[in-house]
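Quick notes on the structure that follows.
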Amino acid sequence: MENTNKTVRTRFAPSPTGFMHVGNLRTALYAFLLAKSQGGTFVLRIEDTDQARFVEGATEVIYNTLARAGLVHDEGPDKGGEYGPYIQSERRDLYLPYAEELVKKGAAYYCFCDKQEGETQEAGTDPHETCPGHCRDLDPAEAAAKAASGVPFVIRQKIDRTGKSAYDDAVFGHIEIDNDVLDDQILIKQDKMPTYNFANVVDDHLMNITHVVRGAEYLPSTPKYNMLYRAFGWEIPQYVHLPLIMGRDAEGNVAKLSKRHGSVSFENLMQEGYLAEAVINYIALLGWSPKNDREIFTLEELISIFKVDGLNKAPAIFDYDKLMWMNTEYLKAMTPEAFAAASFPFAGVAGTPLEARWAGFAPMLQQRVNKLDEIPEKIAFLHALPEYEIEIFNNKKSKCNPEVAKEILLELRPEFENLADWTAPAISAVLSGCAERRTCKLGLPMWAVRIAVSGQMVTPGGPGEIMEILGKEEAMKRYDVALQKLN
RNA sequence: GUCCCUAUCGUCUAGAGGCCUAGGACACCGGGUUUUCAUCCCGGCAACACGGGUUCGAAUCCCGUUGGGGAUGCCA
C-alpha cells in the first residue's frame, strides 16, 4: 500500500478531557512527524461525542499544548480548512444518515435493548451477547418502522460471524482476526450521537485522512473499522499503530500509562519545570529510534529524519530519570538570557531584591538544575539564613573545622567591614589575600565564609557572589551570627 | 475466559544469518579535574527469556513454552 501521489494527511483526534496525557502527545507527535516528513498535512480534530464528559476550556488546553510543543496543525477548529467543521459535536447531524445508509445496506441494524449497565465485558462473556434481544435478527422493515415511531434505539454494526479479517499495519505487519470474536459494536448511541468508533471512520474518510496514527490498543478492533469502510465502499487508510507507553504504579506494576500508573500530563511536566522541547525529544525516542547513537534532536531535525520503520513494537516504560537527564541537557544548552527568562517564573523572587539582578544570578544556577522547580529550594538560603550546626564547618579537603573557621572569620571581619567596593570580585580578593597570607588553599577561607553567609555547604555561586547579592548589611549580619555560634 | 500484540543490560534502544568478545544512552558504582555542589573527562557493572528446529553458521528465520502488555464500554 504505497501512497504514491497522494499527499499524506494525518490527524490528531484528542478528546477534550482538560489535560494532555503524554501518551496522547506522543501520538500527536508521530502523526505530525509522519505528515511533515513527507510534506503532508497535519489535521486537528476534536472528538467530543461524549456529552457527559464535557469539560470547560478543555479545547484550549489542546491548542496550548500543541502550540507549546511546536506541533503546529494545518487544519483544525481554530485554523479552519476545507474539511471542517473540525469539532465532532458540530458535525453531529452528519453521522446518523451514514449509519442509516449502513442499515439499508444490511451492514448495521437498530437495537432496542436496554442500556447495558456493566462496565467492561466480564471474563467468559460471549461477544454476541451484547444484545440480548437478538435485534440483529429483527425484520429490517419492522425495525425501521419501530425506530421511526419514536422507540429509543441504538444502531449496531452487523458483523459477519464467519471468516477472518486481515489487514497490514505499517509497524505491526500482518494482523489476522477471526470475525467471530468481534462484537456488534454500537455506531449511534441512544442520544443519536455517534460513538468514537463510528465518528472516527466517517470523519477520517470525509477529511481524506491517508494514515491513521493511533495507539496499539486499537489493533484488535481495526477489522471492525475496515468492515465499515468496505460497507461504504471507501478506501481504507494506512494504519500506523504505535507501541503503548507504560507506567509504574506504587507497587511497581507496569501498565498502560495512566493516573494510577506513573501519571503524567504535559501540564504537570511543565509545572515541574521540564522544557517542552526536552519532553518532545524524550517522547520521540520512546518507541522510535533514529537507528543511530544520537539522542538530542530539535523538532525540525526529527521531521527530517523520521521514518516509520524506526517505530518499535514492544511497549515502552516512561522513565523519568532519562527525561530529567535530557531536560538537564536542554537547560545547559540554553543561552544565559534564555535560561534567566525561563527560570524566573519558577524562582519565586518577584518582589525581592533578587528580582532586579535575576539575569545576572540565574546563570549560576544553570549548570546545577535538572528541572526548574528545583530553584526555590536552591536559593531559599538567600531569603533567610537556614538553621545550621557548626559541624558543617568541618571539611576534610579544605582542612576546615570550627576552630579554624572562627579564626579566619575573626581575621577577615575588619576587612569586610571596611570594604567599600562590595562586589563579588572585591570580596573574592579579600579571600585570596587571606589564603596567600596563611599560605593555605583558597578553599579554606571560601569554605568558612560560604557557610557563615549561607548556612549551608552547597550553594550556587561562591561566597563572593552570595555576599554581593545579600548586600553588605545582611552579609555582615549573617557573618556575626556565625561568629556567635562559633564562640 | 476468549482474542490480539510483544520479548536484547534495571530502563530506552542499536542489531534486519557470519562484521557480536552484542554497540549507545539513562540509572548505578569507581577515579580524575574543580573554591562547595554540579558540570566536564576517564573507567566499571549489566542483556540476546526458555526449549526445539532450519542452516556450515542464529540475538537475527520457523514452531512451542513462559513472561509482559492490550482488547473485549451507548469512553475515547
Side-chain angles (χ1 to χ4, degrees), chain A residues 13-17 24 47-50 52-53 111 113 115-127 130 154-156 169 172-173 175-178 180-183 185-191 193-197 199-200 214-223 241 243-244 246 248 254-256 282 285-296 309-310 312-326 328 332 365-370 378 395 397-398 428 431-432 435 441-447 449-451 454 456-464:
Chain A
S15 163
T17 58
N24 288 137
E47 308 234 340
D48 58 346
T49 56
D50 187 3
R53 289 199 179 186
C111 171
C113 295
K115 202 165 181 171
Q116 301 284 310
E117 279 311 316
E119 290 290 297
T120 30
Q121 286 266 337
E122 281 313 309
T125 310
D126 186 323
T130 43
V154 300
I155 294 180
R156 286 183 183 276
D169 181 81
F172 288 89
I175 307 285
E176 202 170 274
I177 291 174
D178 271 334
D180 192 50
V181 304
L182 270 18
D183 69 304
Q185 64 177 350
I186 289 175
L187 269 19
I188 296 291
K189 301 183 253 189
Q190 213 166 73
D191 62 4
M193 288 287 270
T195 56
Y196 160 85
N197 301 299
N200 221 263
R214 45 149 66 139
E217 65 265 35
Y218 294 102
L219 235 25
S221 54
T222 296
H241 284 100
L244 262 18
M246 315 297 284
R248 285 201 160 91
V254 172
K256 194 158 76 161
Y282 174 69
L285 262 26
L286 241 199
W288 175 81
S289 167
K291 295 184 183 286
N292 58 40
D293 290 342
R294 203 175 148 194
E295 303 208 272
I296 304 293
D309 66 4
N312 229 60
K313 295 179 191 161
I317 298 176
F318 192 94
D319 181 6
Y320 284 91
D321 284 338
K322 185 133 190 186
L323 202 217
M324 196 181 297
W325 164 76
M326 199 168 271
T328 308
K332 285 188 300 197
L365 247 16
Q366 190 169 359
Q367 301 301 314
R368 60 194 81 220
V369 163
N370 298 309
K378 284 201 155 62
N395 180 274
K397 215 165 149 187
S398 64
S428 296
L431 296 170
S432 310
K441 278 190 148 184
L442 180 56
L444 177 53
M446 288 193 92
W447 186 267
V449 174
R450 173 205 313 280
I451 288 178
S454 72
Q456 54 193 43
M457 299 187 274
V458 176
T459 60

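A, B, ... follow the sequence lines: proteins, then strands. Residue 1 opens every chain.
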Base, sugar-phosphate, or nothing: which does [X] touch, judged by heavy atoms less than 4.0 Å apart?
X      : answer
A:A13  : nothing
A:N395 : nothing
A:Q456 : nothing
A:M193 : nothing
A:S289 : sugar-phosphate
A:L323 : nothing
A:I186 : base
A:T49  : sugar-phosphate
A:G215 : nothing
A:Q190 : base
A:Y282 : nothing
A:V254 : sugar-phosphate

Original post:
So, for A:R248 and A:V254, which heavy atoms are closest and what is the spacing to 0.1 Å?
Top reply: NE-CG2, 3.9 Å

Distance between the [atom1] atoms of [N] and [M], in whole angstroms?
N     : M     : atom1 : result
B:U21 : B:U39 : C1'   : 34 Å
B:C56 : B:U13 : P     : 36 Å
B:U11 : B:G69 : P     : 13 Å
B:C20 : B:U60 : C1'   : 11 Å
B:U8  : B:G15 : P     : 13 Å
B:G52 : B:A46 : C1'   : 29 Å
B:C19 : B:C29 : C1'   : 32 Å
B:G68 : B:G10 : C1'   : 15 Å

Counting distance only, does the side-chain N/O of [X] pair as donor-acceptor with the main-chain N or O of [Y] below 3.5 Å?
X      : Y      : value
A:Y282 : A:D319 : yes
A:T49  : A:M193 : no
A:S15  : A:T17  : no
A:D178 : A:D180 : no

**OP:** Assign each of A:K256 and A:N197 to its nearest nucleotide of RNA chain B by heavy atoms, then name whichever residue's nucleotide is nearer the 5' end.
**Re:** A:K256

**OP:** With RNA chain B as reference, determine whether A:W288 or A:D309 sits nearer its 5' end, using the nearest nucleotide of each.
**Re:** A:W288

Subject >> Check: A:N200 and A:R214 side chains under 4.5 Å, non-hydrogen atoms >> reply: yes

Subject >> Spatial distance of atom CG (A:N370) from atom CG (A:L323) [nearest 0.5 Å] >> reply: 11.5 Å

Original post:
Rounded to the nearest 0.5 Å, how far apart are CE of A:M446 and CG of A:L444?
Top reply: 11.5 Å

[N] phosphate, OP1 or OP2: any side-chain N/O from [X] under 4.0 angstrom?
X      : N     : value
A:N312 : B:A14 : yes
A:S15  : B:C75 : no
A:K189 : B:C75 : yes
A:K332 : B:A38 : no

Please report the distance, rounded to the nearest Å, between [atom1] in [X] and [atom2] in [N].
X      : N     : atom1 : atom2 : value
A:M324 : B:C28 : CE    : C1'   : 15 Å
A:K322 : B:A27 : NZ    : C1'   : 10 Å
A:F172 : B:G69 : CZ    : P     : 15 Å
A:D321 : B:G10 : CG    : C1'   : 11 Å
A:W325 : B:C26 : CH2   : P     : 5 Å
A:Q185 : B:C75 : CD    : P     : 12 Å
A:L244 : B:G70 : CG    : P     : 7 Å
A:K441 : B:U36 : NZ    : C1'   : 13 Å

Could you check which of [options] has an atom nearest any side-chain atom of [X]?
X      : options             : answer
A:M246 : B:G70, B:A25, B:U36 : B:G70
A:P315 : B:A76, B:G69, B:U36 : B:G69
A:V181 : B:A7, B:C74, B:C3   : B:C3
A:E217 : B:C37, B:G70, B:U35 : B:G70
A:K313 : B:U36, B:C5, B:U6   : B:U6
A:I317 : B:A76, B:A25, B:U11 : B:U11
A:V458 : B:C3, B:A76, B:U36  : B:U36

Return the pairing partner of [N] with a 3.5 Å limit on both distances, Watson-Crick or G-U wobble; otherwise return none.
N     : result
B:C50 : B:G64
B:U11 : B:A25
B:G1  : B:U72
B:C19 : none

Original post:
Below 3.5 Å, does any donor atom in the side chain of A:Y320 face an acceptor in the base of B:A27, or the other way round?
Top reply: no

Original post:
Would you say the base of B:A14 and the side-chain of A:K291 have a donor-acceptor pair closer than 3.5 Å?
Top reply: no

**OP:** List the steps and the verdict of side chain to side chain contact (heavy atoms under 4.5 Å, CB included) for A:H241 and A:I175.
**Re:** CA-CA 11 Å; A:H241 284 100; A:I175 307 285; over 6 Å; no

Subject >> Option among A:N395, A:V458, A:T459 that satisfies the side-chain contact (heavy atoms from CB on, under 4.5 Å) test with A:R450 >> reply: A:T459

